[in-house]
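Have a look at the structure below before the remarks.
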Amino acid sequence: MDQSDSTSEEQKQQQNSKQSSLDNPLCDDGHIYCHSIDNFGCEAYESVTVTQVQDEDYFCDVNSLLTNNGATIKPTNGEDSLLRSVTKRIRLQARPDACLAGIDSAAQILNKIEQIRDTQSMYGKRPSDLYARQWESTEQETSGEIPSANGDVNGEVKHQNTSLSFSVMQFNTLAEGLSAGPSVQTPFPIMSDDSNSKGNTRQKDITRGGNNFGGFTKLPNPEVTLDFALRRWRLLEVILSNYDHPQEQQQPVIVNGDSSAIDGIGRFDLMAMEEVDRYHGFFEPALKLFGYSGLFVPKPSSPGTKLGWYSDGCALFWKESCFKLLSEERKRFNDGTQVYIVATLQHIPSAQTIVVAVAHLKAQNSDVNEKIRTKQADQLVASVHEVTTEVAAVNDVLVDDVPIIILGDLNSELSTGFGKTCVRSILNRNEQPKFWSAYPIDPMKTYGMYSTWKTRGEKTVRRIIDYIFHNKELHCTHVLSIPKETDVEPERLPGFRYPSDHLMIGAKYHLNRNE
């Protein structure tokens with residue numbers, strides 16, 4: 001064997017070795033966690049490797065060691081880690097949560113939701129039913145009554161020409177890792193803020209005490225309200241509730257697994273979610289039973305990982321009977337550690353291709369962070385425009401004729417006092433694509449509107465920071481109403497009647513083409 005043959009054989013061995021690490025039994029065709037992590041990481045950081053897969057802990061742990069400018073760093077002098085500022089960690093579940101064991105139907109999910117709601121109602125002598133909400137027309141108003149798309153009132157919606165219509169929702173779910181109590185056991189050791197002389201991160205050998213309910217200490221019975229073993233089911237209740245018929249918003253118990261009783265459940269055709277840190281373990285397998293497929297992108301430096309939890313990130317779900325995935329990009333912003341998804345989907349009834357983006361921008365209200373968010377918003381729109389241009393070329397249409405939806409928690413308001421905001425950078429563009437908001441968002445003209453209303457410690461904040469944007473190829477016919485101020489619990493969000501500190505917002509759209 002000559003030298004070239006030897007080199008070729010060595011390369012094959014290396015390739016086989018790398019492939020075998022990705023073909024771990026935990027990374028099967030149904031749940032390709034290591035593959036998706038590695039592919040995402042290589043796109044975002046140029047160098048990410050799967051370092052360990054521990055069956056007993058059900059997670060994939062990925063580290064990326066980079067300088068701030070993106071160049072790969074190799075540890076020297078026997079060091080096995082680098083400064084925290086350049087260490088990226090992604091932790092994902094590798095199989096469904098134990099709470100889903102034995103659950104294989106949508107009817108069982110709905111029965112479980114009913115049980116959890118009843119359990120929470122036993123505490124504090126408070127109601128645990130979700131706030132009443134309904135679809136409101138964006139076009140007509142008559143003497144206090146809200147007409148639907150076909151002229152009915154009281155929020156009843158009877159769809160006409162459904163081949164050109166679909167519904168979307170946007171929901172920051174409040175990550176478990178950012179709201180758990182101090183006595184809750186965490187999946188991983190809690191990372192200390194201390195470093196040794198070599199700059200290596202130390203880990204406390206404990207699995208409790210990593211959080212204090214995310215600061216939501218004013219809530220009644222926070223150990224119940226924020227217990228994710230209960231709260232995860234209430235989040236599903238928000239997603240799956242019947243908003244077409246407000247009087248039937250709470251899902252009835254399904255008796256004897258009667259599947260005919262759940263026809264139509266899975267009411268939103270597109271769903272964007274942020275702060276999701278139980279995607280693979282809970283939301284993806286649970287929503288699959290309701291006819292959804294999804295995408296997920298984890299943050300490379302999720303704050304929850306330092307507290308011993310899984311990485312949170314952005315998710316996009318679509319109803320398989322309404323949409324088909326054509327392509328997708330999962331990326332990290334150049335500024336900050338936040339992430340986003342841009343997907344192209346075919347609307348099956350109309351055969352039209354739309355572009356959908358989901359994003360969660362940098363948190364905390366300050367001039368510096370608003371500048372970062374504005375850069376992130378500019379990058380998001382640029383990515384959307386690039387994908388839209390490709391879609392237009394493939395379908396032989398004008399770029400302006402491709403429908404676009406942007407959904408996300410932008411952590412910014414239309415006006416913040418910091419000059420140009422990321423929201424205005426999206427809505428006040430001088431070039432294509434141009435966008436409009438499904439909801440009225442000008443605080444000077446939208447009394448009563450809010451998307452988050454929370455009390456942490458002694459501070460209460462009420463803001464509009466969650467959005468649904470669209471271009472001219474989509475006509476918004478309805479938006480989901482906001483709970484009345486008088487109905488909201490004194491401690492605001494979250495609470496027994498709502499499982500997140502952000503409201504889920506929704507919109508119904510009509511395609512302007514093909515008419």
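Keep in mind it's a predicted model, so treat the numbers as computed, not measured. For the single chain, residues carry numbers from 1 onward in sequence order.
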| task | Compute whether any side-chain donor of one residue and acceptor of the other, for Q352 and E473, lie under 3.5 angstrom apart. | result | no
| query | Cut-off 3.5 Å, side chains only: do Q338 and R332 have a donor facing an acceptor? | reply | no
| query | Would you find a donor on one side and an acceptor on the other, under 3.5 Å apart, between the side chain of S128 and the backbone of R117? | reply | yes
| query | Going by distance alone, is a donor N or O of one side chain under 3.5 Å from an acceptor N or O of the other, for N411 and R373? | reply | no
| message | Using a 3.5 Å distance criterion without hydrogens, assess whether the side chain of S137 forms a donor-acceptor pair with backbone atoms of E139. | response | yes
| Is a side-chain N or O of D401 found less than 3.5 angstrom from the main chain of V397, in a donor-acceptor match? | no
| message | Tell me whether R232 contacts the main-chain N or O of L236 through its side chain, where contact means a donor paired with an acceptor under 3.5 Å. | response | no
| field | Polar side chain donor-acceptor pair, H385 to T388, under 3.5 angstrom | value | no
| said: Is it the case that the side chain of Q108 and the backbone of S105 share a donor-acceptor pair, with hydrogens and angles ignored and the cut-off at 3.5 Å? | reply: yes
| said: Distance alone, cut at 3.5 Å: any donor-acceptor contact between the side chains of E136 and S481? | reply: no
| task | Kindly say whether I464 contributes a backbone atom to a donor-acceptor pair with the side chain of Y467 at under 3.5 angstrom? | result | yes
| said: For W436, does the six-membered ring have the charged nitrogen or CZ of K472 within the cation-pi criterion, i.e. under 6.0 angstrom from the centroid and within 45° of the normal? | reply: no
| query | Does one side chain, of H475 or N512, offer a donor that lies under 3.5 Å from an acceptor on the other? | reply | no
| said: Closer than 3.5 angstrom, by distance alone: can the side chain of Y450 be matched with the main-chain N or O of P483 as a donor-acceptor pair? | reply: yes
| task | Check whether the ring centres of F317 and Y279 lie less than 6.0 Å apart, and answer yes or no. | result | yes
| Does N471 use its side chain to pair, donor to acceptor, with the backbone of I404 at less than 3.5 Å? | yes
| query | Distance only, no hydrogens: is a donor on one side chain within 3.5 Å (strictly under) of an acceptor on the other, for S383 and Y340? | reply | yes
| Between the side chain of Y131 and the main-chain N/O of K484, is any donor-acceptor distance below 3.5 Å? | no
| Strictly by modelled atom types, are S302 and D312 linked by a side-chain donor-acceptor pair under 3.5 Å? | yes
| Check: P499 main-chain N/O paired with R231 side-chain donor or acceptor under 3.5 Å | yes
| request: Could you tell me whether the side chains of D244 and W135 share a donor-acceptor contact shorter than 3.5 Å? | output: yes
| message | Pairing donors with acceptors under 3.5 angstrom, does anything connect the side chains of T344 and S327? | response | yes
| task | Pick out which of R91, E176, Q93 makes a side chain to side chain contact (heavy atoms under 4.5 Å, CB included) with D277. | result | E176
